[in-house]
Amino acid sequence: MTFTSKKITVHDMTLRDGMHPKRHQMTLTQMTTIAQGLDAAGVPLIEVTHGDGLGGSSVNYGFPAHSDEQYLSAVIPLMKQAKVSALLLPGIGTIDHLQMARELGVHTIRVATHCTEADVSQQHIRYARKLDMDTVGFLMMAHMTSPEKLLEQALLMESYGANCIYCTDSAGYMLPEDVKARIGLLREKLQPDTELGFHGHHNLAMGVANSLVAVEYGANRIDAAAAGLGAGAGNTPMEVFIAVCARSGIETGVDVFKIQDVAEDLVVPMMDFPIRIDRDSLTLGYAGVYGSFLLFAKRAEQQYGVPARDILVEMGRRGMVGGQEDMIEDTALTMARARGLR
Ligand SMILES: C[C@H](O)CC(=O)C(=O)O
Ligand SMILES: [Mn+2]
């Protein structure tokens, strides 16, 4: 695969998706140090919020070390060239959160819904456009629907005013042919000036390959995280993807060695555990399960004695989606009873 002078925007996930394995406990110093490293490496767009987006602080999703306001206020004034984005899941984040983010200087808002629920994004996308923000429609768990149905949802988001649509592989389940089918169709049918993005997870070790296929079939925004810090086996590892882009003739504007140093010197030392493909994160990819369920399943294993892998397989079988975190404990308890452990 060679790309002649194709330019893309890489979007950093370390400080947002990376909040999941950190249980949303990043310190302000970790946030600002890593954000400054990413900025100096040339990363043009950096996401900062609770792992579940603006307003994620709750019993269901976990209480963070600091509020979204504190993280955003600490990072944004330090950025020399990078813009900052925020994620918002309607029902978790509200219009007030969106307003607050704009006032603090957030440039890009990503309104995220399950891949078949785009209609709940209408008021947030419209409002973000009214605020003149770079507005992204982010369709999660995109493997759970067909390319044609994903297109219908993408068209809805586009009609509300989104200037960029994401195909989001939240479970790290997709194979290159799945990415090709979805990104290819979206590129063919969305407006030519609507940008297209891909967000990968590395549970089947496909993050980099899938991102490359996404670029080949028309995506111009790619999400990645330094050292892969993100839910499950992590996001597409940024330093690997940047090196592959450099080899393939894709222009990212990110310095190959500086981003390696951010990953190695700043991000790896602050991991609470190695972000790698172990049997549980691999099972997320294999069974098509939402990445941020991983730590909940591990906690349920401790509490109920049912292996996290078995719980995750069951979550996949039941087709559980983001927002159903409370069902993990319920499922574990049911399985424990069935196995005579309770
Ligand atoms: C709220 C989720 O963590 C969003 C995301 O990164 C994904 O679906 O993947
Ligand atoms: Mn993710």
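Predicted, not measured: the structure shown is a model, and the values here were computed from it. For ligands, and for the atoms within them, numbers begin at 1 and follow the listed sequence.
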Considering non-hydrogen atoms of the protein only, which is the closest contact for atom 1 (C) of ligand 1, and what is the distance?
Y290 OH, 3.2 Å
To the nearest 0.1 Å, how far is atom 8 (O) of ligand 1 from its closest protein heavy atom, and which atom is that?
S170 OG, 2.7 Å
Which atom name does D17 have for its N/O/S atom nearest to the Mn ion (ligand 2)?
OD2
Identify whether NZ of Lys or CZ of Arg in R129 sits under 6.0 Å from the centre of the six-membered ring of Y160 and within 45° of that ring's axis.
no
Under 4.0 Å from one or more heavy atoms of T168, ligand 1 contributes atoms 7 (C), 8 (O), 9 (O)
Quick note, side-chain hydrogen bond (donor to acceptor under 3.5 Å, both in side chains) partners involving residues 263-272, not counting sequence neighbours, are K22-D272
Using non-hydrogen atoms of the residue, decide whether G51 is closer than 4.0 angstrom to ligand 1.
yes
Does any N, O or S atom in H20 come within less than 2.8 Å of the Mn ion (ligand 2)?
no
Find the distance between CZ (R309) and NZ (K298) and round it off to the nearest 0.5 Å.
11.0 Å
Using distance alone, decide if ligand 1 has a nitrogen or oxygen within less than 3.5 Å of any nitrogen or oxygen in D52.
no
Can you confirm whether more than 12 heavy atoms, excluding those of R279, are under 6.0 Å from its CZ atom?
no
Any side-chain donor paired with an acceptor under 3.5 Å for T94 and D96?
no
Are R16 and ligand 1 in contact, using a heavy-atom cut-off of under 4.0 Å?
yes
Residue F257 excluded, over 12 heavy atoms near CZ under 6.0 Å:
no
Checking a contact table here: which protein heavy atom is nearest atom 3 (O) of ligand 1, and how many Å away?
H20 NE2, 2.9 Å
Flag for Y127-Q99: side-chain donor and acceptor within less than 3.5 Å
yes
If we count only N and O atoms by modelled type, under 3.5 Å, do the side chains of D134 and N163 hold a donor and an acceptor together?
yes
Which residues pass the ring pair (Phe, Tyr, Trp, His ring centres under 6.0 Å) test with H66, sequence neighbours left out?
Y71
I'd like to know if M13 contacts ligand 1, where contact means a heavy-atom distance under 4.0 Å to any ligand atom.
no
Any atoms of ligand 1 less than 4.0 Å from a non-hydrogen atom of H199? List them with their elements.
5 (C), 6 (O), 7 (C), 9 (O)
Show the atoms of ligand 1 that are less than 4.0 angstrom away from any heavy atom in M140.
4 (C), 8 (O)
Does an N or O anywhere in S292 fall below 3.5 Å from an N or O of ligand 1?
no
May I ask you to list the atoms of ligand 1 that are less than 4.0 angstrom from any heavy atom of H201?
9 (O)
